[in-house]
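What you see is a predicted model; the values in this text were computed from it and never measured.
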Amino acid sequence: MKIGFIGLGNMGGPMAANLIKAGHAVTGFDLSKPALDALAKAGGKAAASAAAAVGEAELVLTMLPAGPQVRQVYTGEGGLLAAAAKGALLVDSSTIDVETARAVGKAAAAQGFDMLDAPVSGGVGGAAAGTLTFMVGGSEAGFARALPVLQAMGKTIVHAGPAGNGQAAKICNNMMLGISMIAVSEGFALAEKLGLDWQRLFDISSKSSGQCWAMTNYCPAPGPVPAAPSNRDYQAGFTADMMLKDLKLAQQAAQAAGATTPLGAEAAALFQMLVNGGLGPKDFSAIFRMIRGGGAR
Ligand code: NAD
């Protein structure tokens, strides 16, 4: 398939490379020259603008930082809605607010385009390995058309419902993750104060009702899970900056929808504290350091 790919950063770069490996013809654009060079090196075609990248594309994929960039790239002057070929399927995989996702989807529909919001989880490692999880909002027909393309970049691809529901799934999931990472950090910090060894707590809790992904796959206390960032000085992984962004999106959505999310609000406040302490670029499990005491560092 002819694919136009806008946003070739940490995630978009390896995702585009996997599309090329699967035999798709990828033309891409990014504001960054090194990102464009990497696309050309992977076998894709570097375009001079977003509009030029999508003129002939049957499917357009975007992987941009946040809502304002997505809005601008699609609906701004010379944007994708003006430049994309008639009948092209539009897929935004950036993590953005539900409101922007639905507004851009509506603007796309008004121009006759089918558009999906398809945020991912799995991080840079999953993008490189082609094992991302895609949470897709939009029409059944659009989902069916996008599926074979998404399968070249991901392992689990779930249709979450109408436009915006992909973003909704992403922020609900990450809010639960942010809260559970704090819960596990509090448990392991308390254990230390009580003279209970982390490995022993892990051996017990990983088989008891306190068990959760944040503990068994990503333990924030060093030792019990060798592959976890806690054993590499909290090198990310998934940065605290990104977690804070998603927790803020969840709070924004909760306020707009009238949902009660007091622990989500507390998680956002604690991750803000971590980021303010200078640990934004570290893995989000570094929240353990702050909770354990001795400041963010
Ligand atoms: P990134 O900053 O590495 O990449 C974004 C790219 O978009 C950059 O290369 C930037 O130059 C480009 N860009 C910005 N504005 C542009 C414009 N107007 N036109 C063309 N290119 C433009 O970010 P990333 O880590 O690749 O993340 C992208 C999205 O994926 C974000 O929404 C993020 O929340 C989400 N995400 C990231 C991860 C992760 O672990 N990194 C995991 C899941 C989801």
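- No continuous path of ILVMFWY side-chain contacts below 4.5 Å connects Met11 to Met242, so the two sit in separate hydrophobic clusters.
- In this structure a side-chain-to-backbone donor-acceptor pair under 3.5 Å is present from Lys245 to Pro65.
- Among pairs with a residue in residues 121-145, those fulfilling ring pair (Phe, Tyr, Trp, His ring centres under 6.0 Å) read Phe143-His159, at least two apart in sequence or across chains.
- Each side-chain hydrogen bond (donor to acceptor under 3.5 Å, both in side chains) pair with one or both residues in residues 110-134, not counting sequence neighbours, appears once here: Asp114-Ser139.
- Atom-to-atom distance recorded for Cys172:SG and Met135:CE is 10.5 Å, nearest 0.5 angstrom.
- Taken from CD1 in Ile291 to CD1 in Ile182, the straight-line distance is 5.5 Å, to the nearest 0.5 Å.
- Between Pro229 and Gln235, the shortest heavy-atom distance links the atoms CB-O, 3.4 Å.
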Residue pair Met1, Val149: steps toward the side-chain contact (heavy atoms from CB on, under 4.5 Å) verdict | CA-CA 8 Å; Met1 207 185 261; Val149 174; 3.8 Å; yes
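- Taking CD of Gln151 as the start and CG of Leu147 as the end, the distance is 4.0 Å to the nearest 0.5 Å.
- Counting non-hydrogen atoms of other residues, nucleotides and ligands closer than 6.0 Å to CZ of Arg232 gives a total above 12.
- Here ring pair (Phe, Tyr, Trp, His ring centres under 6.0 Å) pairs that include residues 54-80, with residues two or more places apart or in two chains, number zero.
- Exactly one residue among Asp92, Val73, Leu90 makes a side chain to side chain contact (heavy atoms under 4.5 Å, CB included) with Val60. That residue is Leu90.
- To the nearest 0.5 angstrom, Tyr218 atom OH is 12.0 Å from Ser180 atom OG.
- Considering CD of Gln199 and OG of Ser206, their distance stands at 8.5 Å, rounded to 0.5 Å.
- Taken from CG in Leu270 to CE in Met181, the straight-line distance is 13.5 Å, to the nearest 0.5 Å.
- Among pairs with a residue in residues 79-102, none fulfils ring pair (Phe, Tyr, Trp, His ring centres under 6.0 Å), at least two apart in sequence or across chains.
- Look at Lys282 and Asp233 and you find a salt bridge, because one of the NZ, NE, NH1 or NH2 atoms lies within 4.0 Å of a carboxylate O, short of that distance.
- Listed by first and then second residue, the side-chain hydrogen bond (donor to acceptor under 3.5 Å, both in side chains) pairs that reach into residues 249-268 are Gln251-Thr261, sequence neighbours excluded.
- Residue pairs satisfying the side-chain hydrogen bond (donor to acceptor under 3.5 Å, both in side chains) criterion with at least one member in residues 29-47, sequence neighbours excluded, are listed as follows: Lys33-Asp37.
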Might you work through the side-chain contact (heavy atoms from CB on, under 4.5 Å) test for Phe284 and Thr239, ending with a clear yes or no?
-> CA-CA 5 Å; Phe284 79 111; Thr239 64; over 6 Å; no
List the steps and the verdict of side-chain contact (heavy atoms from CB on, under 4.5 Å) for Val91 and Thr62.
-> CA-CA 6 Å; Val91 182; Thr62 47; over 6 Å; no
